Each structure stands twice: as C-alpha cells, then as structure tokens.
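Structure first, then comments.
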Number of protein chains: 2
Amino acid sequence: MTGRLVLHEYSASGNCYKIRLTAAHLGVPLERREYDILKGETRTPEFLRDVNGNGRIPVLQIGGRFLPESNAACCWLADGSGLIPADRFDRADMLRWMFFEQYSHEPNVATLRFWLEYVGEAALSDQQRAQIPARRAAGEAALAVMERHLAGRRFFVGDALSLADIALYAYSHVAHEGGFDLDPYPAVSAWLANVAAVPGHVTMND
Amino acid sequence: MTGRLVLHEYSASGNCYKIRLTAAHLGVPLERREYDILKGETRTPEFLRDVNGNGRIPVLQIGGRFLPESNAACCWLADGSGLIPADRFDRADMLRWMFFEQYSHEPNVATLRFWLEYVGEAALSDQQRAQIPARRAAGEAALAVMERHLAGRRFFVGDALSLADIALYAYSHVAHEGGFDLDPYPAVSAWLANVAAVPGHVTMND
C-alpha cells in the first residue's frame, strides 16, 4: 500500500534500533541499508541530495519518500496502533517523553557512548573532550528525571508499552557503554526489564 | 471539558511563544504564569515537585495535569485541528521537523540567543564561551537545511501552516538576536513572512 520500507541506518545507533524495535512489535518487515558514519557515508553529496539533507541516519524510506528523525519514523510506523495511546493527554505525554529523549537524554547518554565506545577517547578532539563533564552531568540528570517518574510505574505512559518506552529504551539499555552506572537508578533498571519482557521484543543485535 | 489551561512560562522564550502562537491560531485562551529562569525560579523544590521534575519551562497545565516539552504541548492543543495534517506521511513529516527543531536548531540558534542577548557574553562561563563556535556552525547548518527544504515551498509540510512551521518560526524569527544573519537564507526569510501573514498570528510580545 505504501511501497517498500527501507531503513537507512548505522545498526549500532540506538536511534536506528528504535525503528527496528517499533517495526518488530508491529510485525512490519523492513529492508535495511547500512552506512558507516565513521567514514562519513551519510555526508556524501548523493546521501545529502537523495536521502537526508541533514546528513544523518536513520531515515525511513517509504516507497519513494524519505522520513528522517528516528522518533518521527516510529510515529509513522505505529500510526493507529496500540503503541500510541488512544487518550489525548496520554498521546501528548508520549510525545513529551520522546522530545525529552531527543533534547535531554540522547545528546548526553548517546553522545558519550558514541565518543567513548565507537570513536574512542584518544581520537576525540580537544573540544569534544572538554564537553565530557557537562554531558556526563546532563546525562545523569536525565536518568534522575526518568528514575523519579518511573518509581511505581511499569511504563512511561499509562500501563502499557508505547513509543515513549521504545525511544528511551534504545540508549538507556546501553548507557553503561557511555560510562553511566545504572545501579543508582533501580526504577530505570526495573523498567528496562519490563520493556525487554514485552512479547515481540528484539535486541539491538537481532 | 479539560479544565483551565495555564501556561507556566518565561515569556521571552521561543519555546513558550510556540504554545501561545498555537493557542492563538486555535482561538484557545491560556492563563499565563511567569517564572524568571535567570533567577532559578524553575529549579525550586516546589517547581520540581509540582510542575516539572526536569526544571524547565514551558509546561502546559491542563486542569490538574502538567505537560512539559513545548512541542508536545502544541500537539495537545492542536489535536484534531488543521494545524496537524490529515495525511499519515505529512503528519509524521510534521513531527520530523519538530524533532529537527529540538535536536538540530534550538540547542544552537536558541542557546546562542539566550547566552548573547539574555545572559550576556561577559557573564558566560569559560565552558559556555568555548562552545560558541561549534553552536554557531551547527546553527548555520540547521538554517541551511531549512533553506534547501523551503526553496519553492510556502510552508514546511504540504501547502498550509502546521505545527512544524510554528515550532521552527519561534526561534528563527529572532535568530539575529543570537548573531545569525538571515540574509544568506532568502527562502527562510520569505517563509518567515508567510508564517506571520497567516490570519490569527500573534507576535512574541503580544
């Protein structure tokens, strides 16, 4: 109906994993096309012209159209499904946590993972290295916000898995790769287990 | 039906203006409660407990419930209205530009405006001052992405005003306060005029 779905991705990216996890829960098959972001493969003239002028993955290709931004792609896939709450407030609250994820969580928790686990500390620029303490503190602050919200809850919104959980799970479950210790966040740890236990779950390496 | 709507805000913030502009287009009245973020009024124990554990404005209070994140609040207000496209792809594409705004635009274009126009360059920390060149470059890159998309278009998605335009207008129209010159971006400048010409528009100072 909508043509083939192709995920343009770097598979180790949590932003790309979000889309695969959403598709898995929905039973929707995705073709996958891998780019090596460490070699600049998403900044070529062809990629910028044909896939995403912002030079980033993931991009969900829907027939002949291209949808950048991981959380927007998840919303397209899940449109009309139980992964988006039916209640008006809950639906907006789901988006609230997805915007929180992109603004307060991903730039800190995901960036430190990428710098420390993929680029390597020795290869960082002086400017990147100087940002580590501030990003560490902001990442801990994001995890603390999640911890307070999750105390006494099974999922972020209502009592069922939604895109808010999928968006925040992607980088939270590998936060240790960025040097974040989740031991001080027991509610976050319990929630990670709740998300992974939902039937249909796939891991980052599936 | 949903109780009173109270916007907890710092009125000079573009993120807060987005919500007022959305409400104005919808003809929905908002009560407004001002906080001085320069005096830490959104980091008090009361604010963190009762309004937003993330210590940020804006927050849209809907009866007794609180909805942080500017773009989520706009989505709640505009739910079911013409500010959100009816087409599935266009609706996701609107969210794509709203996530772009929070990830690639706001942290650069809005942060430099806040630092240079509100905090003042002399009052910045060394760490903040060191980040200016990278945020300047990333802000110019975001404006360039907008310029390429807007060439030949009146609005970001389809041919009508949507929340994507409102979200990106908020800080783009005051980008000069952060030292961004819009002369190299004629399509962005024309689009700013298109947005301001839509009946129902209000300015940041209304």
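Computed from a predicted model, the values in this text were never measured in an experiment. So you know, we letter chains A, B, ... as the sequences are listed, proteins then strands, and number each from 1.
The aromatic ring centres of F99(A) and F99(B) sit less than 6.0 Å apart.
For the pair R91(B) and W76(A), the cation does not sit on the ring face, since its NZ or CZ is not both under 6.0 Å from the ring centre and inside 45° of the axis.
At least one side-chain heavy atom of R56(A) sits under 4.5 Å from a side-chain heavy atom of Y103(B).
Annotation for F89(A) and F66(B): closest pair CZ-O, 3.8 Å, computed over non-hydrogen atoms. The shortest heavy-atom contact between A92(A) and A72(B) is O-CB, 3.5 Å.
For the atom pair CZ (R88(B)) and CD1 (I62(A)), the distance works out to 7.5 Å, reported to the nearest 0.5 Å. Separation of atoms CZ (F100(B)) and CG (N52(A)) is listed at 9.5 Å; rounding is to 0.5 Å. Here D90(B) contributes atom CG and R65(A) contributes atom CZ; the two are 6.0 Å apart, rounded to the nearest 0.5 Å. To the nearest 0.5 angstrom, E69(A) atom CD is 10.5 Å from E101(B) atom CD.
Of the residues considered (D79(A), L48(A), L95(A)), D79(A) shows the highest number of contacts with chain B, using heavy-atom pairs under 4.5 Å. Here P68(A) is the residue among P68(A), C75(A), G53(A) with the most heavy-atom pairs under 4.5 Å with chain B.
In this structure, chain B has no heavy atom under 4.5 Å from any part of S70(A). Both the backbone and the side chain of M98(B) have a heavy atom closer than 4.5 Å to some heavy atom of chain A. Of the two parts of R96(B), the backbone and the side chain both hold a non-hydrogen atom closer than 4.5 Å to a non-hydrogen atom of chain A.
Heavy-atom neighbours of chain A within the stretch residues 105-128 of chain B, taken at a separation under 4.5 angstrom, comprise E106(B), P107(B), Q127(B). Residues of residues 164-175 of chain B placed with any heavy atom under 4.5 Å of a heavy atom in chain A are absent; none qualify.
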